[in-house]
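As structure tokens, the structure follows; a few thoughts come after it.
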Amino acid sequence: MPELPEVETVRRGLVDRVVGRQIARVVVRREGLRFSFPSDLKTIAGTAIVRIRRRAKYLLLDLSDGRVLLSHLGMSGRYTLFRAEEVPPPDPHVAPVDGGVPASRFGETTGFGGRHDHFELVFSDGSHAVYTDPRRFGILDLFAAEAEAAHPLLQHLGPEPFPPWDSEALGRVLSGRKVSIKSALLNQKVVVGVGNIYACEALHRAKISPRRQARTLVRKDGRPTERLTRLVDGIQEILADAIDAGGSTLNDFASVEGAAGYFSQQFAVYGRAGQPCPAAECSGTVKRIVQSNRSSFYCPRCQR
DNA sequence: AAGAACTCCTGTTGGC
DNA sequence: TGCCAACAGGAGTTCT
């Protein structure tokens with residue numbers, strides 16, 4: 001589910017509700033997600049969350065003892081926050097897990113003790129943050145702040161898709177590359193934060209075929225083409241629109257759950273195979289193809 | 001070396 | 001109605 005705008009929306013929701021809180025306890029309900037949970041995860045008890053940053057699609061929670069808790073939502077991860085008074089009553093028929101909050105008979109719907117609630121942070125004021133991830137593609141890691149720059153998941157990441165990043169920067173990376181522009185956009189070494197959906201949408205806005213070779217967007221002298229300029233504009237516009245859409249629902253803690261999902265307005269092409277291209281003056285039909293094992297949606301008529 | 005394909009997992013959807 | 005294959009999604013790993 002989450003691409004950069006969704007992760008940013010979750011970050012903002014968490015900032016409002018957990019920055020400044022002290023972690024009283026960590027409840028772990030399974031071994032790990034994609035990777036095992038860090039063996040010292042429970043040692044974050046007693047620290048406070050002092051800041052929450054985002055890098056690419058990673059959330060970075062700065063702890064008061066100088067360590068960083070890294071969280072990636074994978075494809076189905078979400079956080080649900082409960083105030084102390086919202087914690088559901090324990091079900092006497094269900095044994096507590098890990099000495100933590102007993103599973104509730106409401107667990108499946110509230111996020112408490114549900115089958116995919118893998119860990120939770122219990123704060124000293126009695127509130128909770130529950131991490132739920134049915135597909136378990138998420139990642140959790142813990143390391144000292146000084147180790148961040150060399151972290152294997154972070155050190156090879158490309159630039160954030162916002163200024164000063166621009167078409168010249170993107171052009172330098174794409175020069176000579178034969179890979180399709182769509183696949184290039186999904187490569188986090190090229191630019192971070194753009195996932196399958198927004199890559200399709202940005203290419204549609206820029207009227208560029210996802211099949212076009214990346215190198216054809218760069219002139220021989222290394223300068224960006226008009227297409228490349230349109231593409232960077234398209235990426236930045238759609239990400240900004242999506243963040244705004246997420247932000248508009250932030251009052252409600254539901255957005256922290258990720259329930260807001262992708263910003264709700266209709267996508268122009270994503271998931272719309274067989275439907276008419278919504279671009280002005282275009283009479284084409286949206287088509288679905290597979291690139292690098294991922295679905296691409298585009299209009300062969302207006303996207304060249 | 002670059003690019004494509006495969007892999008992890010599970011809930012949902014579409015076709016027969 | 002029931003069964004099952006296909007699909008979705010991020011990114012590390014493996015293959016070509």
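Chain naming here is simple, since letters A, B, ... match the order of the sequence lines and numbering starts at 1 in each. Predicted model only: the values in this text are computed from it and were never measured.
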Whole-Å distance separating the [atom1] atom of [X] from the [atom2] atom of [N]:
X: A/N187; N: C/dT13; atom1: CG; atom2: C1'; value: 14 Å
X: A/N196; N: C/dA11; atom1: CG; atom2: C1'; value: 13 Å
X: A/L154; N: C/dG10; atom1: CG; atom2: C1'; value: 14 Å
X: A/I197; N: C/dA8; atom1: CD1; atom2: P; value: 10 Å
X: A/L73; N: C/dG10; atom1: CG; atom2: C1'; value: 11 Å
X: A/L4; N: C/dA11; atom1: CG; atom2: C1'; value: 15 Å
X: A/Q291; N: C/dG10; atom1: CD; atom2: C1'; value: 17 Å
X: A/D141; N: C/dG12; atom1: CG; atom2: C1'; value: 14 Å

With the side chain counted from C-beta on, respond yes when [X] and [Y] share a heavy-atom pair under 4.5 Å apart, and no when they do not.
X: A/R83; Y: A/R17; result: yes
X: A/V269; Y: A/Y298; result: no
X: A/H116; Y: A/D133; result: no
X: A/Q155; Y: A/E148; result: no

TODO: Kindly say whether the aromatic ring centers of A/F143 and A/H151 come within a distance under 6.0 Å.
DONE: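 Close enough - the centres of the two rings lie under 6.0 Å apart.
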Task: Mutual orientation of the aromatic rings belonging to A/H118 and A/Y131 [parallel < 30°, tilted 30-60°, perpendicular > 60°] - done: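 Tilted.
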Open item on the list: So A/L186, base contact, sugar-phosphate only, or nothing? Heavy-atom distance under 4.0 Å.
Closed with: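 If one applies the 4.0 Å heavy-atom cut-off, A/L186 turns out to touch nothing in the nucleic acid.
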- [ ] Would you classify A/S180 as touching base, sugar-phosphate or nothing, given that sugar-phosphate means primed atoms plus P, OP1 and OP2, and contacts are heavy atoms under 4.0 Å?
- [x]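 The answer is nothing, as A/S180 stays clear of every strand by at least 4.0 Å.
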Open item on the list: I'd like to check the ring-ring contact (aromatic ring centres under 6.0 Å, His included) partners of A/Y58; sequence neighbours left out, ordered by chain and number.
Closed with: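 For A/Y58 the ring-ring contact (aromatic ring centres under 6.0 Å, His included) partners, ignoring immediate neighbours, are A/H72.
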Open item on the list: Go nucleotide by nucleotide along DNA chain B from the 5' end; which of A/N293 and A/V179 gets its closest nucleotide reached first?
Closed with: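 Whichever sits nearer the 5' end wins; that is A/V179.
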Open item on the list: Tell me the bend of the helix from B/dA2-C/dT16 to B/dC16-C/dG2 as the angle between end helix axes, each from five pairs, rounded to the nearest 10 degrees.
Closed with: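 Both end axes considered, the difference amounts to 70°.
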Task: Heavy-atom closest contact (A/R288 atom, A/A273 atom, distance) - done: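 Shortest heavy-atom contact: CB-CB, 3.9 Å.
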Open item on the list: Please find the pair of heavy atoms, one from A/A24 and one from A/A45, that lie closest to each other, and give the distance.
Closed with: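 Minimum heavy-atom separation between A/A24 and A/A45: O-CB, 3.7 Å.
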Open item on the list: Between the base of C/dG10 and the ring of A/F137 - centre-to-centre under 5.5 Å, planes within under 30° - is that a stack?
Closed with: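 So A/F137 counts as stacking on the base.
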- [ ] Check every nucleotide of DNA chain B for an atom under 4.0 Å from a heavy-atom of chain A, then give the first and the last such nucleotide from 5' to 3'.
- [x]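 The footprint of chain A covers B/dG3 to B/dG11.
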